[in-house]
Amino acid sequence: MTTARTATPSTARAINDRLALDLLLTHGSLTATELRTLTGLSRPTVADLLERLQHGGLVGIVGERGEQRRGPNARVYGLRADCAHLAGIDVRTVGVTLTVADLTGRTLATAALPVDPAGPPPGFAQQVLRTLLDAARQAGARGLHTVAVGAPGLVDPATGQLRSTSQLPQWHAELVAELRAGPTGEVILENEVNLAGIAEHRLGAATDRDTFVLFWLGHGTGAAVVLDGKLRRGSSGGTGEIGFLPVPGTGGLPDRSTCDGGFHSLAGSAAVCELARRHGLPVPGGGADDAPAAEAAMLAALAAGPAGEPFLDELAERVAIGAAAVCVILDPGCVVLGGETGRAGGAALAGRVAARLAVLSPFRTEVRAGTAGGGAILSGAVLTACDAVQRDLFGGL
């Protein structure tokens, strides 16, 4: 037999405060009357919670609004977005991009630091930290409450440590160590494709789905798995490492140290560029990052009309092979194609993958092009940092 528990006055106050804060975050500034209408709370309860939240520095009076009644104008209350600042960082083999934002996720400052993967300068990790702190100062932040970092590789869910699944630069791990030792608050480390999946779920192509898989088709390949509204990481953080997926057509098999011979060898940007050249499409040369070249080749194929269709068909066949392997295990009902190749392919590539997947898999699966944009990883990092800050400041209820 379960005994119902009555909320204590302090718990009830915390719940009401969190409700009001969430409404101010969602709707923007509100009057006390509007808060009473949205919450169903009494006039004295709303007055008390607004006084508490103002005293705590989370809410302030941001203006007045004329009401359709006699008497003074109604005060308008809003979140103090500057009461905490946060940052998102996207770490790639070719450099770092970062954003400093306020409590609501509004961008206040950005910076980018390119790097030569063949020879990063000494102290590059320290340089990134200095750039981050400079950006925070330019944004008017007294400090950073939380920094969320997206990086390739496995992030151990138990320790939060980064473990490379391939030959990634040493400065990636050095940067994480510098951030954690530096004058910032909490540092959240997450696999970069998982962050892109969060962005697609909250802002992009999967806002209406609680279960889906993001297929990242860029310099590397990866997947973000969201089941029942929750991002799944696995026991070692390896959920979604589809680059290691053994597939036909690669002429070999991957092993524990390299994904060569796995799905990566079919759909990574280097493979996409090679396929485009074989089909006579223009592929820009040079540069350590071949993802932009694969994107350009995809756009050239789309612009070529019928002449580009054989390339699109063969690439869709490759992507569908990897997607089918995932779908027959997870049955997500929806696959989103992200990364430079997936975004550039748009509906034309997504439609072809869906048609081939319908032949390979017994489950009905919708295929969509990602819409979170080229900054999906950075957007996911900012969203993750925002969630952490709001849980802390709003009481974690």
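What you see is a predicted model, and the numbers here were worked out from it, not measured in a lab.
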Look up atom [atom1] in [X] and atom [atom2] in [Y], then write down how far apart they are to the nearest 0.5 Å.
X	Y	atom1	atom2	value
L217	T341	CG	OG1	6.0 Å
C273	R278	SG	CZ	13.0 Å
T384	L189	OG1	CG	11.0 Å
T184	L132	OG1	CG	7.0 Å
L35	Y77	CG	OH	9.0 Å
L349	D313	CG	CG	10.0 Å

Check: [X] side chain, [Y] main-chain N or O, donor-acceptor pair, under 3.5 Å:
X	Y	value
R232	L227	yes
Q390	L103	yes
Q54	L50	yes
D156	G160	no
T131	Q127	yes
T207	L203	no
S29	G78	no
E190	A151	no
R318	L266	yes
E295	A344	no

Just checking, is any N or O donor in the side chain of H219 or E340 under 3.5 Å from an acceptor N or O on the other one?
no

So, S10 versus R13: side-chain donor-acceptor pair below 3.5 Å or not?
no

Nearest non-hydrogen partners of [X] and [Y], listed with the distance:
X	Y	value
L357	A323	CD1-C, 3.9 Å
S235	P157	O-CD, 3.9 Å
A369	A205	O-CB, 3.4 Å
F215	V335	CD1-CG1, 4.1 Å
G222	V193	C-CG1, 4.0 Å
V46	L41	CG2-CB, 3.9 Å

If hydrophobic clusters are built from ILVMFWY residues whose side chains come within less than 4.5 Å, do [X] and [Y] share one?
X	Y	result
F311	V319	yes
W216	L275	no
I61	V76	no
L154	L195	no
V62	L49	no

Go through the steps to decide whether D48 and R52 satisfy the test salt bridge (charged side-chain N to carboxylate O under 4.0 Å, His left out), and finish with yes or no.
CA-CA 6 Å; D48 287 344; R52 281 195 304 275; 5.3 Å; no

Around atom [atom1] of [X], are there more than 12 heavy atoms of other residues, nucleotides or ligands at under 6.0 Å?
X	atom1	value
E174	CD	yes
E366	CD	yes
R180	CZ	yes

Taking the side chain as C-beta and beyond, is there a heavy-atom pair between [X] and [Y] under 4.5 Å?
X	Y	answer
T45	N16	yes
M298	L312	yes
L113	F124	yes
V283	V272	no
I15	L19	no
V128	L179	no
V96	W171	yes
R75	T31	no

Taking the basic N atoms (NZ, or NE/NH1/NH2) and the acidic carboxylate oxygens, is any pair closer than 4.0 Å for D82 and R106?
no

Could you tell me whether R130 and D134 have a side-chain N and a carboxylate O separated by less than 4.0 Å?
no

Before giving the answer on side chain to side chain contact (heavy atoms under 4.5 Å, CB included), spell out for D260 and H264 the whole-Å C-alpha distance, their side-chain angles and the decisive distance to 0.1 Å.
CA-CA 7 Å; D260 293 343; H264 169 81; 4.2 Å; yes

Just do the side chain to side chain contact (heavy atoms under 4.5 Å, CB included) check on I198 and L231 with the steps written out, would you?
CA-CA 8 Å; I198 290 171; L231 180 69; 4.2 Å; yes

Can you list the steps and then say if L86 with V382 is a side chain to side chain contact (heavy atoms under 4.5 Å, CB included)?
CA-CA 8 Å; L86 53 99; V382 171; 4.0 Å; yes

Evaluate the side chain to side chain contact (heavy atoms under 4.5 Å, CB included) criterion for residues D210 and D228: first the C-alpha distance (whole Å), next the side-chain angles of each, then the deciding distance (0.1 Å), finally the verdict.
CA-CA 5 Å; D210 283 337; D228 300 324; 5.7 Å; no

